[in-house]
Amino acid sequence: MSSLRLFVAVLPPEPAVQELRRAVSALHALPGADRLRWTAVPNWHFTLAFLGNVDEELLPELHTRLARAARRTEPFPLRLHGAGRFGGRALWTGAAGALDTLRLLAERADAAARRSGVPMDEHRRYSPHLTLARSRTETDLRPFAEALGGFEGTSWQVGEVALVRSNLPVSGVSGERPRYEVHASWALGR
Ligand code: ATP
Ligand code: MG
């Protein structure tokens, strides 16, 4: 049976992406920056729920349930905010604004997937982040997090939620396809 690797996400609008891009470009000049794997700008997103490989036959039910989750959640303000790290492995920017609504939407997306038959991992407490760089080895990411710590983006109104397909890179093949593709998206609220 064929399956798709999927996650549910909030995608920042282009002006927010460009503000972040300018702030992050300053980090590329710091010592050790070239040893990090920087995420591609067009791929930037806030993951709400990671579904992993989903059998195609679950998609109709999943779409119906995600549409309902979106409808039940009113649009809300969000902005990119500060920086943080997961140990020495991942550098991210965070979010500020209506984080309670963002968290609610993440819980609704998780429930929608679970009830559609997607075996979801037990979730740890949702921690909103947009991953900027990863390291294969333990690396001191503090200088990067400190340099970006004061970053504040302009607030926008989150108006939709996206179901995104992730195409894992095929080794030895340089990708013609985009790494992520929006598979479907739904407007928030009524
Ligand atoms: P790569 O794994 O090749 O570095 P990636 O992490 O960007 O690339 P995916 O692994 O498909 O691509 O992940 C898509 C999104 O889901 C990313 O935001 C990732 O952090 C998140 N994610 C991946 N695996 C999990 C997981 N097990 N639990 C929670 N979130 C996950
Ligand atoms: Mg991954």
Side-chain angles (χ1 to χ4, degrees), residues 2-13 16-17 20-21 24 27-28 32-56 58-59 62-63 66 69-70 78 80-95 99 102-139 141 144-145 148 153 158 160-186:
S2 78
S3 67
L4 308 179
R5 184 179 176 92
L6 296 172
F7 61 97
V8 178
V10 165
L11 307 179
V17 168
L20 180 61
R21 198 175 58 81
V24 168
L27 305 184
H28 293 155
D34 52 350
R35 288 192 298 277
L36 299 178
R37 290 183 297 150
W38 296 88
T39 54
V41 173
N43 287 343
W44 282 349
H45 65 277
F46 285 99
T47 301
L48 294 177
F50 179 74
L51 281 58
N53 286 323
V54 175
D55 290 339
E56 260 175 358
L58 300 182
L59 290 178
L62 178 63
H63 281 222
L66 286 174
L78 198 69
L80 302 173
H81 165 80
R85 61 207 165 82
F86 292 137
R89 294 294 185 150
L91 173 74
W92 43 265
T93 187
L99 295 184
L102 184 69
R103 185 166 289 118
L104 184 62
L105 186 57
E107 281 164 9
R108 285 171 171 163
D110 181 275
R114 194 181 299 278
R115 289 178 188 145
S116 303
V118 178
M120 300 293 288
D121 288 341
E122 283 313 309
H123 45 198
R124 296 163 265 173
R125 184 164 171 75
Y126 178 65
S127 122
H129 64 278
L130 184 161
T131 301
L132 296 170
R134 294 192 181 86
S135 173
R136 284 197 188 80
T137 57
E138 269 311 293
T139 301
L141 296 174
F144 296 94
L148 192 63
V158 176
E160 63 177 35
V161 63
L163 179 61
V164 185
R165 178 176 186 181
S166 170
N167 299 300
L168 290 180
V170 180
S171 64
V173 179
S174 64
E176 295 134 36
R177 283 185 307 172
R179 181 76 173 70
Y180 297 145
E181 294 171 279
V182 175
H183 185 69
S185 63
W186 297 274

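Count residues from 1 along the sequence. All of these numbers come straight from a predicted model, not from anything done at the bench. Counting starts at 1 for both ligands and their atoms, following the listed order.
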* Asked: Take atom CZ in R37; do more than 12 heavy atoms of anything else shown fall under 6.0 Å from it?
  -> yes
* Structure fact -> Residue, atom and distance of the protein heavy atom nearest atom 7 (O) of ligand 1 read Y180 OH, 2.2 Å
* To do: Number the atoms of ligand 1 from 1 as they appear, then name those within less than 4.0 Å of a heavy atom of S166, with their elements.
  => 9 (P), 11 (O), 12 (O)
* Could you grab the distance from atom OH of Y126 to atom CG of D110, nearest 0.5 Å is fine? => 11.5 Å
* Protein heavy-atom partner closest to atom 19 (C) of ligand 1 - residue, atom, separation in Å -> R134 NH2, 4.2 Å
* To do: Could you list which atoms of ligand 1 come closer than 4.0 Å to a heavy atom of R5?
  => 9 (P), 10 (O), 11 (O)
* **Any N/O pair H45/ligand 1 closer than 3.5 Å** => yes
* Asked: Considering only heavy atoms from C-beta outward, does the side chain of V118 approach that of L6 to under 4.5 Å?
  -> no
* Asked: In terms of the angle between their ring planes, are F7 and H45 parallel, tilted or perpendicular, with boundaries placed at 30° and 60°?
  -> tilted
* **Mutual orientation of the aromatic rings belonging to H129 and W92 [parallel < 30°, tilted 30-60°, perpendicular > 60°]** => tilted
* Among all protein non-hydrogen atoms, which one is nearest to atom 3 (O) of ligand 1, and what is the separation to 0.1 Å? -> R179 NH2, 2.9 Å
* For atom 27 (N) of ligand 1, the protein heavy atom that lies nearest, with its residue and separation -> F50 CD2, 3.7 Å
* To do: Would you kindly say whether R179 and S166 are connected by a side-chain donor-acceptor distance under 3.5 Å?
  => yes
